[in-house]
Number of protein chains: 2
Amino acid sequence: MRPREFDHDEVLRIAFDQFWRNGVRGTSLSDIARDAGVQRGSLYNAFGSKEALFLQAYERYAEDYLAALQKALGAGSLRKRLTAFFDLTIGNFRAGTPPRGCPTTRGLMELGAAEGEGLDEDARQAFANLISRITALVQDTLAAGAARGEFDGNAAAAALHIITVTRGLAVLERAFGNEPQLRKIAAHTIDLVLGRKGS
Amino acid sequence: MRPREFDHDEVLRIAFDQFWRNGVRGTSLSDIARDAGVQRGSLYNAFGSKEALFLQAYERYAEDYLAALQKALGAGSLRKRLTAFFDLTIGNFRAGTPPRGCPTTRGLMELGAAEGEGLDEDARQAFANLISRITALVQDTLAAGAARGEFDGNAAAAALHIITVTRGLAVLERAFGNEPQLRKIAAHTIDLVLGRKGS
DNA sequence: AAGATATTTGACATCATGTCAAGAACGTGC
DNA sequence: GCACGTTCTTGACATGATGTCAAATATCTT
């Protein structure tokens with residue numbers, strides 16, 4: 001067998017960076033091939049298609065991001081944990097110059113466009129999966145907080161509410177790019193969910 | 001001067017329907033030309049470019065949608081008004097088979113991709129503008145409710161929170177397509193904002 | 001050393017946007 | 001009434017995207 005002449009993971013990293021910067025449809029395989037120093041045909045051979053390449057690059061990102069979230073949610077009072085969660089979330093899609101937005105939300109709205117086109121459906125599931133896993137993390141955090149008497153509502157409903165707000169923040173980031181406003185909304189959300197305890 | 005052979009508004013309507021169904025990047029001018037019974041070149045002559053055509057079609061939609069919202073927010077108790085607002089919002093992006101999602105959110109995340117590319121910036125402003133106007137409507141509704149003693153919080157902050165949730169709902173709709181869940185989140189949001197008064 | 005196997009490479013088909021020049025149809029002014 | 005000018009229409013063209021494929025190539029295995 002002939003060995004590959006490029007590093008699989010490095011190409012995924014480069015590809016995700018491009019996808020994140022310019023959107024999936026706004027990134028051509030020629031762009032990625034040029035940046036990675038690989039022939040376009042080799043990308044097709046190694047990954048199958050543009051969307052398959054995106055999916056692999058995204059899954060990589062999702063794992064890394066989940067790990068970071070888990071860490072952010074893991075210490076301090078419930079309020080501190082939720083604050084850290086929003087900080088990480090907002091920081092994630094405000095990173096870069098200009099900010100690149102939330103990869104999940106952007107990918108979801110961009111690829112969800114065409115209806116049931118095989119790979120688009122796979123992508124939708126990948127996005128939905130990450131959102132579900134993040135929701136579960138937040139819910140667990142709230143349940144643990146409830147056990148410590150820091151929260152007395154419905155953990156599932158509250159987690160879903162918080163996740164909805166983070167998705168909304170991802171959208172508002174694109175519309176207005178106003179980071180202080182995003183942070184205010186986040187703080188307000190925490191107050192609402194925790195019933196302004198300790199504020 | 002030679003008169004146009006097609007109806008300007010009808011083309012906008014057909015174009016918006018296509019854009020809404022398959023996304024901006026997922027719709028080709030050939031598609032629109034075929035559906036509208038117009039030559040592709042005529043579209044360029046009349047509208048300038050694909051994105052300019054989209055912008056005009058979107059502005060048309062935005063005006064109609066704002067009028068509908070204003071009506072929904074205009075009668076009943078504050079809780080009823082907010083409920084009607086969420087109903088209209090969710091109904092809007094759950095309309096069609098399959099549901100077409102929120103045009104604003106989808107357009108924003110799709111076109112916001114490429115950075116500062118002239119027309120993309122115009123589109124971003126159009127989306128941001130509609131969101132701002134909707135926020136103002138909700139804020140006015142909350143302020144009026146406060147004057148009637150149905151609400152005692154910060155109307156501006158609450159309106160921003162509600163809008164953020166609606167943007168989040170637009171994203172979750174694409175991820176899960178679970179309409180009952182969306183309605184639960186909406187109801188929960190109203191409870192949080194109104195402090196569970198009357199629940 | 002030779003063959004099997006996977007990768008690389010470039011050519012090709014197809015379809016997208018956008019430009020342009022030439023042709024066609026209508027209002028206007030003489 | 002007729003020629004002119006202006007706008008719309010039409011088809012050809014340039015460019016660049018995705019995706020396929022066959023031929024060439026480089027390594028591992030036997």
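Atom set for the values below is all heavy atoms of this structure, side chains included, hydrogens, waters and symmetry mates excluded. Below, chains carry the letters A, B, ... as their sequence lines are ordered, and counting in each starts from 1.
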Q. Hey, mind stepping through Arg4(A) and His8(A) against side chain to side chain contact (heavy atoms under 4.5 Å, CB included) and telling me if it holds?
A. CA-CA 8 Å; Arg4(A) 271 207 188 110; His8(A) 196 269; 3.6 Å; yes
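- Side chains of Arg81(A) and Thr141(A): a donor-acceptor N/O pair is absent below 3.5 angstrom, by distance only.
- Annotation for Arg124(A) and Arg174(B): closest pair CD-O, 3.4 Å, computed over non-hydrogen atoms.
- If you measure from atom CD of Gln18(A) to atom P of dA17(D), you get 12 Å, rounded to the nearest angstrom.
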Under 3.5 Å between N/O atoms: give me all the protein pairs with nucleotides 23-25 of chain D, atom names plus distance.
| from | atom 1 | to | atom 2 | distance (Å) |
| --- | --- | --- | --- | --- |
| dT25(D) | O2 | Arg2(A) | NH1 | 2.6 |

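- Glu5(B) has its CD atom 10 Å from the C1' atom of dT10(D), to the nearest Å.
- Ala170(B) and Cys102(B) get closest at one heavy-atom pair: CB-CB, 3.6 Å.
- An OP1 or OP2 oxygen of dT8(C) is reached within less than 4.0 angstrom by a side-chain nitrogen or oxygen of Ser42(A).
- For Arg4(A), whose side chain is taken as the heavy atoms from C-beta onward, the closest listed nucleotide among dT10(D), dT7(C), dT9(C) is dT7(C).
- Scanning both residues, Thr89(A) and Arg167(A), for their nearest heavy atoms gives CG2-NH2, 4.5 Å.
- The NE2-P distance, from His8(B) to dT9(D), rounds to 11 Å in whole Å.
- Under the 30°/60° scheme for interplanar angles, the aromatic rings of Tyr65(B) and Tyr61(B) are found to lie parallel.
- Between the CG atom of Leu53(A) and the P atom of dT18(D) there is a distance of 11 Å, given to the nearest Å.
- The shortest heavy-atom contact between Phe151(B) and Leu142(B) is CD2-O, 3.8 Å.
- Under the 30°/60° scheme for interplanar angles, the aromatic rings of Phe19(A) and Phe54(A) are found to stand perpendicular.
- Taking a cutoff of 4.0 Å between a charged side-chain nitrogen and a carboxylate oxygen, Glu150(A) and Arg79(A) do not qualify as a salt bridge.
- Closest of all the heavy-atom pairs between Ala123(A) and Leu55(A) is CA-CD2, 3.7 Å.
- Atom CD1 of Ile32(A) and atom C1' of dA17(D) are 13 Å apart (whole Å).
- Between Glu59(B) and Ala126(B), the shortest heavy-atom distance links the atoms OE2-CB, 3.9 Å.
- Following rounding to the nearest Å, Asn45(A) (CG) and dT5(C) (P) show an atom-to-atom distance of 16 Å.
- Atom CZ in Phe6(B) sits roughly 15 Å away from atom P in dT7(D) (whole-Å rounding).
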Output one line per pair: protein atom, nucleotide atom from nucleotides 16-20 of chain C, and distance, for all N/O pairs under 3.5 Å.
| from | atom 1 | to | atom 2 | distance (Å) |
| --- | --- | --- | --- | --- |
| dT17(C) | OP1 | Leu29(B) | N | 3.0 |
| dT17(C) | OP1 | Lys50(B) | NZ | 3.4 |
| dT17(C) | OP2 | Leu29(B) | N | 3.1 |
| dG18(C) | OP2 | Tyr44(B) | OH | 3.4 |
| dG18(C) | OP2 | Lys50(B) | N | 3.3 |
| dG18(C) | N7 | Arg40(B) | NH1 | 3.0 |
| dG18(C) | O6 | Arg40(B) | NH2 | 2.7 |

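- One axis for each end of the helix from dA1(C)-dT30(D) to dC30(C)-dG1(D), each built from five base pairs, and the angle between them comes to 10° at 10° resolution.
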